**Student:** 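Starting off with a structure, shown below.
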Number of protein chains: 2
Amino acid sequence: MATTIKTIAKITGVSHSTVSRALRGSPLVADVTAERIRIAAEQLDYLPSAAARSLKTKRTHVLGVILSGIADPFFSEVLNGIEGAAHAAGYSLFIGSSNHDADKEARIVQTMLEQRIDGGIICSTPVSIERWRQFPTDRFPIVVINNQAADHYNFSIYHDDIDGSRQLARHLIELGHRKIAYLGNSHSGKTTLDRLSGLQEEMEFQGLSVAPDQIHHAPGGSLQMGAEGMNYFLNLPHPPTAVMCFNDLLAIGALKACRQAGVRVPDEISVTGFDNIAFSEFSVPPLTTLDQPKYEIGRQAAQLLLSLLSEESGLHSHTQGVKVLKGRLLVRATTAKPRKKETL
Amino acid sequence: MATTIKTIAKITGVSHSTVSRALRGSPLVADVTAERIRIAAEQLDYLPSAAARSLKTKRTHVLGVILSGIADPFFSEVLNGIEGAAHAAGYSLFIGSSNHDADKEARIVQTMLEQRIDGGIICSTPVSIERWRQFPTDRFPIVVINNQAADHYNFSIYHDDIDGSRQLARHLIELGHRKIAYLGNSHSGKTTLDRLSGLQEEMEFQGLSVAPDQIHHAPGGSLQMGAEGMNYFLNLPHPPTAVMCFNDLLAIGALKACRQAGVRVPDEISVTGFDNIAFSEFSVPPLTTLDQPKYEIGRQAAQLLLSLLSEESGLHSHTQGVKVLKGRLLVRATTAKPRKKETL
DNA sequence: ATAGTCATTGCACACGTGTGCAAAGGAAAA
DNA sequence: TTTTCCTTTGCACACGTGTGCAATGACTAT
């Protein structure tokens, strides 16, 4: 049995109320008494019970984070950003990986609500707002990173995927590419569509277009999927001269497929990624990609949530609801001018 | 304010005790009453308060997991294994990344103890047993994965690193290598020493040895460190013909350093990794490594902990304390016979 | 009809912490 | 000396859930 304030009370010869106040730093306790209590607490290795405290204060100082999984380095970086901001403010994280499984997601949300988390961050996974119905959303702040659900959430952090995708497309077009394909990830709702839109917008802006057979959606965003997806393009009667991939993992997988097929990158085909994960600098050739401010995205999401929490118990100085961050093009070595005969 | 059992009690016209019993499935409630209560609970979106429940039952159904970070895919796989087993048994995880920071680690442990986690898993990071002194260890089960601390913990899951390392060394020796170097990770206490020992044991077993200047410890286990570490070996007056790396990340980083230095792998130098992370199949060339049963390690650690928990509140059928798992050699394309002139 | 058995329910307390309120005591002011 | 004020402390209740025990009522056995 752990030591409680009652134990300390008995030993120091005061009431448990006084102990509680002393340890919380209340001014309603004589200095000498407080010091005596603190010493006793230290000596007894006292640690307050979070359960009892939150039961009384209605605050758990825990934030829930839902994401599809941590296998993708992109998410672990975002998570780092969230963790950094939360930790600095004295909050802990309760993390749930849904793995694209609706049942599991439901259980995660339920557990989080039972734990009475102070707020939630939904990271790039489509969680229906209906799941949170147990608690009125205005009393239970939720911040969404790259909202994938159809529902509208009041507070969110977006990465400007359309802009990022246009930067990549512009780079390819400037190199002389005219036949640019897109390898998407069907597991990722809105994000993959935005990135496709960015390509299409930039193409149309330059008077070009993306042929329907140059769009392929892989059933996931992993290395393996990237290899398989690239093979689809390579086997086309008229393969593209460049392939824009949904993310770096797909792109690195695609590079392997090219190598196995004997297609040289970037001489015969250009490939781009998205995210700029640590590995992309170490691929062969090093990957041209869009550097997303991953840590910053996570950090800002957490800070937005934290400011909502401090508002909640005070003035309602309406916080900015939606924040959009932009990434920047990072040209490495998987993009080059298309071979002459392929140039339109 | 969320609905509580008292709300339900008022509405259904019974006492809160009856509601509590009905929802917990106690046989002490008439079927009709129980059904009526269940319906009301459903309708009111009732979710029990984990804080109140655990305050009374002394069980939180939460397991703490401490690891150095989730950036390394090895850990995210182990974490998956832990999560799988815990989730199946109705337990949630409270995850803390220490990032090799002692202060942060202290805060993590403190928070976990305040949360009154039912048990803990320490994953490949040196956490002193002293940190848990607040609770007698026999009442507070802890399982350690690849113990890095000097302290002895009663329950642990080990990967047989010495065996794995010997497998890799044997493979290289059989190929004809005599001058094999080791690139370690000084942030990882016991593990890196074990892997070095494995190499040394196998070398001595074959009547060979590892020269002191052929041992280098990188200050971390990242891609970047791998590249820097490999440069050390390449700049040696007499470079090794093969380098065994602490893990796959270092190895992949090393591959890049070789490429930049114009040293061909595996023709001029062989490189091996450790772990078999997803990326290692996609490196250039694909990495020869030791396939560690990552998911299984995590799963078994969680199961060991869970069995300790069920013991705790019942019979003491002493559970097996230490479990050792072995990995298997995975030969890909970064290892080959040394060049003739280099052969001793 | 009476006693005994059993199913069902409510009362009351406990878990560990926080806090409004009153009480006690001492010091300062009148 | 009496009054007032302030400091310090304890009492008692609350948070939401679980459970031992007693009370109630119905049914069965004698």
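For clarity, every value in this text was computed on a predicted model and none was experimentally measured. To find a chain, count down the sequence lines: A is the first, B the second, and so on, and within it residues start at 1.
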**Student:** Side chain of A/Ser49 only, heavy atoms from C-beta on: which candidate in D/dT17, C/dG10, C/dT17 is closest?
**Tutor:** C/dT17
**Student:** When rounded to the nearest 0.5 angstrom, what distance separates OH in B/Tyr46 from CD1 in B/Ile5?
**Tutor:** 5.5 Å
**Student:** For a quick test of your reading: what N or O donor-acceptor pairs under 3.5 Å do the side chains of residues 23-37 of chain A make, sequence neighbours left out?
**Tutor:**
unit_1: A/Ser26; atom_1: OG; unit_2: A/Leu28; atom_2: N; d: 3.1
unit_1: A/Glu35; atom_1: OE1; unit_2: A/Arg38; atom_2: NH1; d: 2.8
unit_1: A/Arg36; atom_1: NH1; unit_2: A/Thr12; atom_2: O; d: 2.9

**Student:** Let me have the donor-acceptor pairs involving side chains of residues 65-80 of chain B, under 3.5 Å, with sequence neighbours excluded, atom names and distances please.
**Tutor:**
unit_1: B/Asp72; atom_1: OD1; unit_2: B/Phe74; atom_2: N; d: 2.9
unit_1: B/Ser76; atom_1: OG; unit_2: B/Pro73; atom_2: O; d: 2.9

**Student:** Taking only side-chain N and O atoms of B/Ser20, does any of them lie within less than 4.0 angstrom of OP1 or OP2 on D/dG18?
**Tutor:** yes
**Student:** Which pair of non-hydrogen atoms, one from A/Ala85 and one from A/Gln303, has the smallest distance, and what is that distance?
**Tutor:** CB-CG, 4.1 Å
**Student:** Give DNA chain C the dot-bracket treatment, 5' to 3': Watson-Crick (N1-N3 with N6-O4 or O6-N4) or G-U (N1-O2, O6-N3) under 3.5 Å, [ ] crossing, | other strand.
**Tutor:** ||||||||||||||||||||||||||||||
**Student:** Count the heavy atoms belonging to other residues, nucleotides or ligands that lie under 6.0 Å from NZ of A/Lys10, then report whether that count exceeds 12.
**Tutor:** no
**Student:** Just to confirm, is there a sub-4.0 Å distance from OP1 or OP2 of D/dG10 to any side-chain nitrogen or oxygen of A/Thr18?
**Tutor:** yes
**Student:** Look only at the side chain of A/Gln148 and the backbone of A/Thr191, and say whether a donor-acceptor pair between them is shorter than 3.5 Å.
**Tutor:** yes
**Student:** What contact category does B/Thr33 fall into here, base, sugar-phosphate, or nothing, at under 4.0 angstrom with non-hydrogen atoms?
**Tutor:** sugar-phosphate
**Student:** Is there a donor on the side chain of B/His16 or the base of D/dG18 sitting less than 3.5 Å from an acceptor on the other?
**Tutor:** yes
**Student:** Write down the distance between NZ (B/Lys6) and C1' (C/dG10), rounded to a whole number of angstrom.
**Tutor:** 14 Å
**Student:** Please name all residues satisfying side chain to side chain donor-acceptor pair (under 3.5 Å) with B/Ser15, sequence neighbours left out, ordered by chain then number.
**Tutor:** B/Thr18
**Student:** For the CG atom of A/Asp45 and the OG1 atom of A/Thr3, what is their distance to the nearest 0.5 Å?
**Tutor:** 7.0 Å
**Student:** Dump the pairs, protein N or O against N or O of nucleotides 20-28 of chain D, anything under 3.5 Å, distances to one decimal.
**Tutor:**
unit_1: D/dG20; atom_1: O6; unit_2: B/Arg21; atom_2: NH1; d: 3.4

**Student:** Any side-chain N or O of A/Arg53 under 4.0 Å from OP1/OP2 of C/dG18?
**Tutor:** yes
**Student:** Find the distance B/Gln115:CD to C/dG16:P and express it as a whole number of Å.
**Tutor:** 16 Å
**Student:** Between B/Thr4 and D/dG16, does any side-chain N or O lie under 4.0 Å from OP1 or OP2?
**Tutor:** no
**Student:** B/Ala30 or B/Leu55: which one's nearest nucleotide on DNA chain C is closer to the 5' end?
**Tutor:** B/Ala30
**Student:** Base, sugar-phosphate alone, or nothing: which one does B/Val19 contact when heavy atoms must sit under 4.0 Å apart?
**Tutor:** nothing
**Student:** Do any side-chain nitrogens or oxygens of A/Lys56 fall under 4.0 Å of OP1 or OP2 in D/dC13?
**Tutor:** no
**Student:** Could you list the residues that satisfy side-chain contact (heavy atoms from CB on, under 4.5 Å) with A/Ser54, not counting sequence neighbours?
**Tutor:** A/Thr60, B/Ala51
